[in-house]
There are 2 protein chains.
Amino acid sequence: MDRLSSGGQETGDRMTANYQRIKADILEKIVRGDWKPGSAIPSETELAESYGSARATVNRAMRELADDGVIERKRKAGSRVRLAPHRQARFDIPIVRREIEDQGLAYRYALVSAVEIEAPVWLRARLGLPDPCRALHLECMHFAGGAPYQHEDRWISLALLPQAREVDFRAIGPNEWLVQQIPFTDVEITISAQVAEAAVAAHLSCRAGDPLLQIERSTRWEGAPVTFVRLMFRRGHMMTARY
Amino acid sequence: MDRLSSGGQETGDRMTANYQRIKADILEKIVRGDWKPGSAIPSETELAESYGSARATVNRAMRELADDGVIERKRKAGSRVRLAPHRQARFDIPIVRREIEDQGLAYRYALVSAVEIEAPVWLRARLGLPDPCRALHLECMHFAGGAPYQHEDRWISLALLPQAREVDFRAIGPNEWLVQQIPFTDVEITISAQVAEAAVAAHLSCRAGDPLLQIERSTRWEGAPVTFVRLMFRRGHMMTARY
DNA sequence: GAGTGGTCTAGACCACGCC
DNA sequence: GCGTGGTCTAGACCACTCG
């Protein structure tokens, strides 16, 4: 009954797709309070009729709203406005090199140390590694415009990637090498605030005890542990996201 | 030519949708190295034919792969495997109350202070508020199982939400009240590590100088500044995400 | 200019989940 | 049971962009 503003409803409309206009219109109804939190939204069939479009088009709008956490959908129950909008933020996890070069700064990488040792207990527990298990332990630094930017404490499972022994990690960073080996995996990421220990503080040119943003990341491939990394950023580093 | 494993290709298949199987199959080809980073992927039409499905189905698989940052798509150029997978993690931004109650702990909220004052310069700059501008400044604490969990330093623009003056924030937390007022907005989030100042440290039962995870969030509505909040978590708090 | 992805439609079948 | 969302199809037009 209330077609969207613009008259043209055919296909590829000027500027915005129809499903986007429908999505925006539904969102506006929710924001304005026409459809209150917890209340039901008309079915896709009804909406399709009222917008004068196909159900598939409405479906895409609704699916994206559900992905965005604005509405909840259940088969027979229909769609409802979420009581508490399920907010989530997407943070980019850039390759360090890109992150720095995108800021227009010169990137430099340095290997601090590399040793093959038996995987320590905490690492085995954390990654679910088998009991006796050898691992490659790398310590690296990333610099931005000459200044320390990030300290990388990397562990690579030699059970899954024995070829890591042959790599010269003075020439290539572990992250960039790993990306070439395993293009896609399951990842668990943890962010926290930690004090700079003396060794790390020296590398990052800050004082021991300074608060540093820490990212820990466990990577698996088909369930098998691949690598664990602890990244300490220089003091004052921030992560930003919009939604 | 190489239909996917399961014979049934009709519609609603057992367990997994066809577009998901196609998506997984394409992803596997990329991971296995059949389609290398930077190289082109067959066009949707070709893929649709080889999978024996409609182009729309392939389109959905490809669109999700693009959303996931695995491939890049351009109109005439076709689809290519990303050189460096554009990784991003989605972090849930829960309501504090839910975050705590989901852990099975008792939630308690307390208002520390509430004053109406002229918005300070830094806040006006940060949110883009007009020059003379009054704001409500709230300081709150959130407890989990009796222990301090989070310190909230909240600013609410009275230009946009004058009704905030009438609210008894001893009874309701600012976040929960705001959600009722403005169901959906544009948000900018920043995460960093900070030292606990003496005042905050006292509230969070930690020592001044301890490293704390800090989240700052600016919220707008249709471009107009609504609220700014600085959340300091108790020492040791971590944010986790998977992808 | 021409190929590729972006979008839309009309119709269809299915599975889940309330009743 | 039966309505609703989830998915699929075959065909279509369009807009972008590379060459």
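To find a chain, count down the sequence lines: A is the first, B the second, and so on, and within it residues start at 1. What's counted below: heavy atoms across the whole structure, side chains too, no hydrogens, waters or symmetry copies. The structure displayed is predicted, hence computed values, not measured ones.
Between B:I41 atom CD1 and C:dG5 atom C1' the separation is 13 Å, expressed in whole Å. D:dA10 atom C1' lies 20 Å from atom OH of B:Y51, rounded to whole Å. If you measure from atom CG of B:N18 to atom P of C:dA15, you get 14 Å, rounded to the nearest angstrom. Rounded to whole Å, atom C1' of D:dT9 lies 12 Å from atom CD1 of B:I22. B:L47 has its CG atom 12 Å from the C1' atom of C:dG5, to the nearest Å. If you measure from atom CD of B:E44 to atom P of D:dT9, you get 13 Å, rounded to the nearest angstrom.
Nearest-nucleotide positions on DNA chain D for A:T45 and B:A54 put A:T45 closer to the 5' end.
Note on B:D68 versus B:K23: salt bridge recorded, some NZ/NE/NH1/NH2 to OD/OE distance being below 4.0 Å.
Side-chain proximity of A:S43 to the nucleotides D:dT7, C:dT4, D:dG5 is greatest for D:dG5.
With rounding to the nearest 0.5 angstrom, the CZ atom of A:F169 is 8.5 Å from the CG atom of A:L111. Separation of atoms CD (A:E216) and CZ (A:R230) is listed at 4.5 Å; rounding is to 0.5 Å.
The bend of the helix from C:dG1-D:dC18 to C:dC18-D:dG1, defined by the angle between the axes of its first five and last five pairs, stands at 10° to the nearest 10°.
Within the structure, ring pair (Phe, Tyr, Trp, His ring centres under 6.0 Å) contacts touching residues 64-99 of chain A (residues at least two apart or in different chains) are A:F91-B:F91.
For residues 56-67 of chain B, proximity to DNA chain D is found at B:A56, B:T57, B:R60, defined as any non-hydrogen atom under 4.0 angstrom from a strand atom. Applying a 4.0 Å cut-off to non-hydrogen atoms, the residues of residues 73-83 of chain A that approach DNA chain C are A:K74, A:R75, A:K76, listed by residue number.
Under the side-chain hydrogen bond (donor to acceptor under 3.5 Å, both in side chains) criterion, B:R55 pairs with B:E44, sequence neighbours left out. Evaluation of the side-chain hydrogen bond (donor to acceptor under 3.5 Å, both in side chains) rule for B:D102 yields no partner, not counting sequence neighbours.
Side-chain atoms of A:E99 and A:Y149 form a donor-acceptor pair, as typed in the model, at a separation below 3.5 Å.
Counting atom types as modelled, A:R55 pairs a side-chain N or O with a base atom of D:dT7 as donor and acceptor under 3.5 Å.
Ring centers of A:F233 and A:H151: at least 6.0 Å apart, outside the cut-off.
OP1 or OP2 of D:dT7 has at least one side-chain nitrogen or oxygen of B:Y19 nearer than 4.0 Å.
A pairwise comparison of heavy atoms in A:N175 and A:E152 identifies N-OE2, 4.3 Å as the closest pair.
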### Message
A:T227 vs A:R154, test: side chain to side chain donor-acceptor pair (under 3.5 Å). Steps then yes/no.
### Response
CA-CA 7 Å; A:T227 181; A:R154 167 80 64 173; 3.1 Å; yes
### Task
Start with the C-alpha gap between B:Y51 and B:D25, add the side-chain angles, then the distance that decides, and say whether side chain to side chain donor-acceptor pair (under 3.5 Å) holds.
CA-CA 10 Å; B:Y51 285 123; B:D25 189 70; 2.5 Å; yes
